[in-house]
Amino acid sequence: MKNIARKTLDEFIIERQEDFKYSTGELSRLLNSILLAARVVSYKVNKAGLVDILGAVGTTNVQGEDQKKLDVYANDVFIQTLVNREIVCGIASEENDNFITIQGLDEGHNNKYVVLMDPLDGSSNIEVNVSVGTIFSIYRRISPIGSPVTMEDFLQPGVNQVAAGYILYGTSTMIVYTTGRGVNGFTLNPAIGSFYLSHPDMRCSKNAKTYSINEGNYVHFPQGVKDYIKYCQEEKDERPYTARYIGSLVSDCHRNLITGGIYLYPSTHKAPKGKLRLLYECNPMAFITEQAGGSATDGRNRILELQPTELHQRTPFYCGSANMVEKLKDFIAQADEKETKK
Ligand code: AHM
Ligand code: MG
């Protein structure tokens, strides 16, 4: 049996306090608030299968409260927790059209961080009991402390992230996060509500043999991506590769972090900018993946260097094992070159 010292996330955060540059403990407290919300959402997600028995969405539960869809519920829980603890000055969520300004008790907007999140990604998977996740991304505000947050606090390139992470509600609930000094994963012991360090210093292998894409959209993919898929399927050298697609970004990226692989969500004819959101999904996943030694691109540019222009901006997204991402970029560049020569 592996002898892993039992270290809780709280102990880890205290031990690694020096990771939190400029810290007055604010970022640690912020992470703790996210953990609190994660525990509440985890409990609710685990009970999702009982909804038919205890009351369907849209009906009233025994306490007389309306049953909410889980993604709306998760959004409310994360926002309420962060608002109640007055730990951030602003929140942007995939579920809300606009960002939320948080006014401190003294109306001073004194906190320095903003949080961007996708409270329950892949929520269409819930009804079939497949894993879903929460994704979050934390930035220092640009506007002066003491004033209300502005759009520019949220529209920062991913390289400015101070921390990012995801919570995976899977066979176990896990949190995986980075503050820019590697990636660590913690698993929830639901009996006592503590997260334990289970995946120290996660590394994404440079080479791997798994590709992860919704191939049902194949005919709509750009030529470079089609060529790469054919390359993955070719019987040569270490190939063909294996395809694995859960259709839940957190789960697919988590698998790739652990066993290696590439995740692809390209532009399609129907969705020329792709499906995934730069600020809530791609930037945090790119930061985590790079910190684990992998890479992330929109096909031509590093995801973390893209300058966002709107909150709900979408982008094509390719992320995972560095050499696989590099190979994909070669195919895209070759297809671009052929296109310009036409
Ligand atoms: P969502 O934010 O509406 O849940 O959509 C994001 C999800 C990702 O988790 C997943 O990787 C992708 O959409 C799957 O999309 P598709 O069903 O088109 O393959
Ligand atoms: Mg999402």
Side-chain angles (χ1 to χ4, degrees), residues 37-38 41 44-45 48 57 68-79 91-97 115-137 154 158 164-170 174 176 210-222 225-226 229 243-257 261-289 294 296-299 303 308 310-320 325 328:
V41 172
K44 191 82 172 182
V45 168
V57 168
K68 289 180 184 161
K69 280 180 74 182
L70 266 174
D71 41 8
V72 179
Y73 176 84
N75 194 40
D76 290 352
V77 169
F78 276 96
I79 290 174
I91 303 170
S93 164
E94 196 186 286
E95 293 285 333
N96 295 52
D97 290 341
V115 169
L116 294 91
M117 63 174 177
D118 183 353
L120 206 61
D121 182 69
S123 51
S124 61
N125 280 313
I126 295 228
E127 64 189 60
V128 289
N129 206 358
V130 167
S131 305
V132 290
T134 297
I135 312 171
F136 62 90
S137 172
F154 296 94
Y166 59 78
I167 298 129
L168 173 60
Y169 310 102
M174 277 192 76
V176 172
T210 304
Y211 70 103
S212 185
I213 187 168
N214 184 345
E215 239 172 298
N217 294 326
Y218 182 85
V219 293
H220 303 291
F221 290 157
V225 175
K226 285 182 176 168
I229 293 173
R244 287 283 182 277
Y245 190 69
I246 300 168
S248 165
L249 178 69
V250 172
S251 315
D252 280 311
C253 287
H254 182 70
R255 185 200 52 245
N256 289 347
L257 263 191
I262 183 170
Y263 174 91
L264 308 95
Y265 210 107
S267 56
T268 62
H269 295 158
K270 283 182 286 180
K273 292 183 174 157
K275 175 184 184 187
L276 300 180
R277 317 279 181 150
L278 175 61
L279 296 179
Y280 314 113
E281 293 163 330
C282 305
N283 270 339
M285 283 306 182
F287 187 26
I288 295 163
T289 305
T297 173
D298 68 356
I303 287 288
E310 50 180 312
L311 275 182
H312 295 278
Q313 187 169 334
R314 297 174 197 268
T315 176
F317 187 55
Y318 310 100
C319 173
V325 173
L328 166 78

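Keep in mind that this is a model prediction, so the values were computed, not measured. Ligands are counted one by one from 1 in listed order, and the atoms in each one are counted from 1 as well.
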**Q.** Check: N96 main-chain N/O paired with H312 side-chain donor or acceptor under 3.5 Å
**A.** yes
Q: Measure from the side-chain N and O atoms of N125 to the backbone N and O of G247, and report whether any donor-acceptor pair falls under 3.5 Å.
A: yes
Q. With backbone taken as N, CA, C and O and side chain as the heavy atoms from C-beta onward, which portion of N217 lies under 4.0 Å from ligand 1: side chain, backbone, both, or neither?
A. neither
Q: Kindly confirm or rule out an N or O of D252 lying under 3.5 angstrom from an N or O of ligand 1.
A: no
Q) Taking just the N, O or S atoms of D121, which one is nearest to the Mg ion (ligand 2)? A) OD1
**Q.** Enumerated ligand 1 atoms positioned under 4.0 Å from heavy atoms of L249
**A.** 8 (C), 9 (O), 10 (C), 11 (O)
Q: I would like to know whether F317 and E281 meet side-chain contact (heavy atoms from CB on, under 4.5 Å); could you show each step before the answer?
A: CA-CA 10 Å; F317 187 55; E281 293 163 330; over 6 Å; no
Q: Quick one: look at N214 and ligand 1, take heavy-atom pairs under 4.0 Å, and tell me if it's side chain, backbone, both or neither.
A: side chain
Q. Out of I288, L168, I246, L249, which residue meets the side-chain contact (heavy atoms from CB on, under 4.5 Å) rule with H254?
A. L168
(Q) With no hydrogens and no angle check, just 3.5 Å: does a side-chain donor-acceptor pair link N75 and S93? (A) yes
Q: Give the residue and atom name of whichever protein heavy atom lies nearest to atom 12 (C) of ligand 1, and the separation in Å to one decimal.
A: K275 NZ, 3.8 Å
Q | Y245 near ligand 1 by a heavy-atom separation under 4.0 Å | A | yes
Q: Say whether, by atom type as modelled, one donor and one acceptor occur between the side chain of S212 and the main chain of R244 under 3.5 angstrom.
A: yes
Q) Do L276 and ligand 1 have an N or O pair less than 3.5 Å apart? A) no
Q) Of all the heavy atoms in E281, does at least one lie under 4.0 Å from an atom in ligand 1? A) yes
Q: Measure the spacing between CZ of F136 and CG of D118 and express it to the nearest 0.5 Å.
A: 12.5 Å
Q) Heavy atom under 4.0 Å from ligand 1: found in F317's side chain, backbone, both, or neither? A) neither
Q: May I ask you to identify the nearest protein heavy atom to atom 18 (O) of ligand 1, giving residue, atom name and distance to one decimal place in Å?
A: Y265 OH, 2.6 Å
Q. Within the distance-only criterion (no hydrogens, no angle test), does the side chain of T134 pair as donor or acceptor with the backbone N or O of P119 below 3.5 angstrom?
A. yes
Q: Could you tell me whether a side-chain N or O of T315 sits under 3.5 Å from a main-chain N or O of L278, the two making a donor and an acceptor?
A: no
(Q) Testing L257, D121, I135 one by one against M285 for a side-chain contact (heavy atoms from CB on, under 4.5 Å), which residue passes? (A) I135
Q | Angular separation of OE2 (E281) and OD2 (D118) seen from the Mg ion (ligand 2), to 10° | A | 100°
Q: Report the distance from atom CG of L120 to atom CD of E94, rounding to the nearest 0.5 Å.
A: 10.0 Å
Q: Look at atom 10 (C) of ligand 1 and say which protein heavy atom is nearest, naming residue and atom and giving the distance to 0.1 Å.
A: G247 O, 3.4 Å
**Q.** Protein heavy atom at shortest distance from atom 3 (O) of ligand 1
**A.** E94 OE2, 4.3 Å
Q. What do you reckon, does D121 have a nitrogen or oxygen under 3.5 Å from a nitrogen or oxygen of ligand 1?
A. yes
Q. Looking at atom 4 (O) of ligand 1, what's its closest protein heavy atom, distance included?
A. G122 N, 2.8 Å
Q: Using a strict 4.0 Å cut-off to heavy atoms of D118, name the atoms of ligand 1 that fall inside it.
A: 2 (O)
Q) How far is atom 11 (O) of ligand 1 from its nearest protein heavy atom, and which residue and atom name does that atom have? A) Y263 OH, 2.7 Å
